[in-house]
Amino acid sequence: MLTIFRKLHHVCIVVQDIHKAVAYYESVGIGPWHPYDASEYTELDLQNPLAWGETQYMYTDLDNVQIQLCQPGTHPDPKRTFLETHGEGVFHLGFLVENCDAGEAAGKHAGLTVLERGRRDDRSGFTYFDTAAHAGVVLEIRSNKAPAQETS
């Protein structure tokens, strides 16, 4: 049994205008919002690397889950295609795993196809699986950046 989709970390919503969306969410008490720095990834396997650099993300941590907002840029990629095809809405569900490489391997072993992936130097990162046709959304696994080690 595949167990990589057990701990929900976040819901990612694709929006046309991230600043307008943040303003609305804050007006109903959801926030504060923070920019997400995607520049830490040193290994990326993307459908369109140009799109990665222009995509904007903001996130807020609620008591039980994180909400992410994503505004795709103009270059084609899965998020831009989703926005143009479906309009604004939930693009992916992100699940936390201990080890992203092992989680990705387990997903592949179960027959899932990788849509896009990224890793930091410490091997933390993300993998999007191409599940929208069957699950209604992309399913993502992610592992958090390892805490900085103290030196003595």
Side-chain angles (χ1 to χ4, degrees), residues 2 4-5 7-28 30-62 65-146:
L2 190 59
I4 58 175
F5 304 119
K7 187 172 183 180
L8 184 64
H9 179 268
H10 66 269
V11 175
C12 180
I13 304 165
V14 172
V15 297
Q16 192 77 257
D17 182 332
I18 201 163
H19 299 293
K20 183 178 174 184
V22 164
Y24 177 77
Y25 279 105
E26 287 178 338
S27 78
V28 297
I30 300 172
W33 292 86
H34 311 281
Y36 179 74
D37 180 13
S39 68
E40 297 178 337
Y41 294 97
T42 56
E43 177 185 320
L44 290 165
D45 182 10
L46 307 168
Q47 290 186 7
N48 186 343
L50 293 174
W52 178 260
E54 63 181 19
T55 300
Q56 297 178 55
Y57 289 96
M58 300 280 291
Y59 70 93
T60 188
D61 291 312
L62 305 179
V65 71
Q66 184 180 91
I67 298 175
Q68 295 179 355
L69 298 176
C70 169
Q71 179 183 318
T74 58
H75 289 88
D77 80 333
K79 294 169 198 80
R80 166 62 41 204
T81 300
F82 177 89
L83 186 60
E84 291 174 354
T85 306
H86 302 287
E88 297 179 315
V90 175
F91 175 74
H92 74 258
L93 300 177
F95 294 85
L96 194 60
V97 295
E98 286 291 318
N99 181 303
C100 216
D101 291 328
E104 181 179 309
K108 286 178 175 180
H109 182 74
L112 299 178
T113 303
V114 172
L115 182 64
E116 294 188 322
R117 63 189 298 279
R119 297 293 186 273
R120 297 179 187 95
D121 285 337
D122 67 0
R123 303 306 299 159
S124 65
F126 68 91
T127 300
Y128 294 133
F129 292 105
D130 190 7
T131 57
H134 301 288
V137 296
V138 168
L139 297 177
E140 176 203 24
I141 57 169
R142 66 164 296 146
S143 58
N144 290 331
K145 185 176 178 182

Can you tell me if Glu140 and His9 form a side-chain donor-acceptor pair at under 3.5 Å?
no
In Glu54, Arg80, Gln47, the residue satisfying side chain to side chain donor-acceptor pair (under 3.5 Å) with His75 is Glu54
Pro32 and Thr60 have their tightest heavy-atom pair at O-OG1, 2.7 Å
What one should report as the nearest heavy-atom pair of Ala21 and Val15 is CB-CG1, 4.0 Å
Which of these, Val114, Leu139, Leu115, sits in a side-chain contact (heavy atoms from CB on, under 4.5 Å) with Thr127?
Val114
Roughly how far apart are Thr42 OG1 and Asp122 CG, rounded to 0.5 Å?
8.5 Å
Go through it in stages, so that I can follow the logic: the residues are Leu93 and Val11, the test is side-chain contact (heavy atoms from CB on, under 4.5 Å), and I'd like the CA-CA distance, side-chain angles, deciding distance and then a yes or no.
CA-CA 5 Å; Leu93 300 177; Val11 175; 3.9 Å; yes
Could you walk me through whether Asp77 and Leu46 pass the side-chain contact (heavy atoms from CB on, under 4.5 Å) test, one step at a time?
CA-CA 8 Å; Asp77 80 333; Leu46 307 168; over 6 Å; no
About how many Å separate CD of Glu43 and CZ of Arg117, when rounded to the nearest 0.5 Å?
4.5 Å
Do you know the tightest heavy-atom contact between Val137 and Thr131?
O-OG1, 2.8 Å
Closest non-hydrogen contact found for Cys100 with Arg142 is SG-CA, 4.1 Å
How are the rings of Phe91 and Phe82 set to each other: parallel, tilted or perpendicular (split at 30° and 60°)?
perpendicular
Testing Trp52, Phe95, Tyr57 one by one against Phe126 for a ring-ring contact (aromatic ring centres under 6.0 Å, His included), which residue passes?
Trp52
For Gly107 versus Leu2, what's the shortest heavy-atom pair and its separation?
N-CD1, 4.1 Å
If every non-hydrogen atom of Trp33 is compared with every non-hydrogen atom of Ile30, which pair is closest and at what distance?
NE1-O, 2.9 Å
Could you tell me if the side chain of Leu44 sits less than 4.5 Å from the side chain of Pro49, heavy atoms only?
no
Derivation and outcome, side-chain contact (heavy atoms from CB on, under 4.5 Å), residues Ile13 and Tyr25
CA-CA 12 Å; Ile13 304 165; Tyr25 279 105; 3.4 Å; yes
Would you say the ring centers of Tyr128 and His92 fall short of 6.0 Å from each other?
yes
Assess whether salt bridge (Lys or Arg N to Asp or Glu O under 4.0 Å) is satisfied between Glu88 and Lys20, documenting all intermediate values.
CA-CA 13 Å; Glu88 297 179 315; Lys20 183 178 174 184; over 6 Å; no
Please round to the nearest 0.5 Å and tell me the distance separating atom NZ of Lys108 and atom CZ of Phe129.
8.0 Å
Asn48 side, atom CG; Thr81 side, atom OG1 - distance, nearest 0.5 Å
9.5 Å
Say you draw a straight line from CD1 of Ile67 to CG of Leu62; how long is it, rounded to the nearest 0.5 Å?
4.5 Å
Do Arg119 and Asp101 have side chains that approach each other closer than 4.5 Å (heavy atoms only, starting at C-beta)?
yes
Go through the steps to decide whether Glu104 and Val97 satisfy the test side-chain contact (heavy atoms from CB on, under 4.5 Å), and finish with yes or no.
CA-CA 10 Å; Glu104 181 179 309; Val97 295; over 6 Å; no
Euclidean distance, Gln16 CD relative to Gln71 CD, rounded to 0.5 Å:
7.5 Å
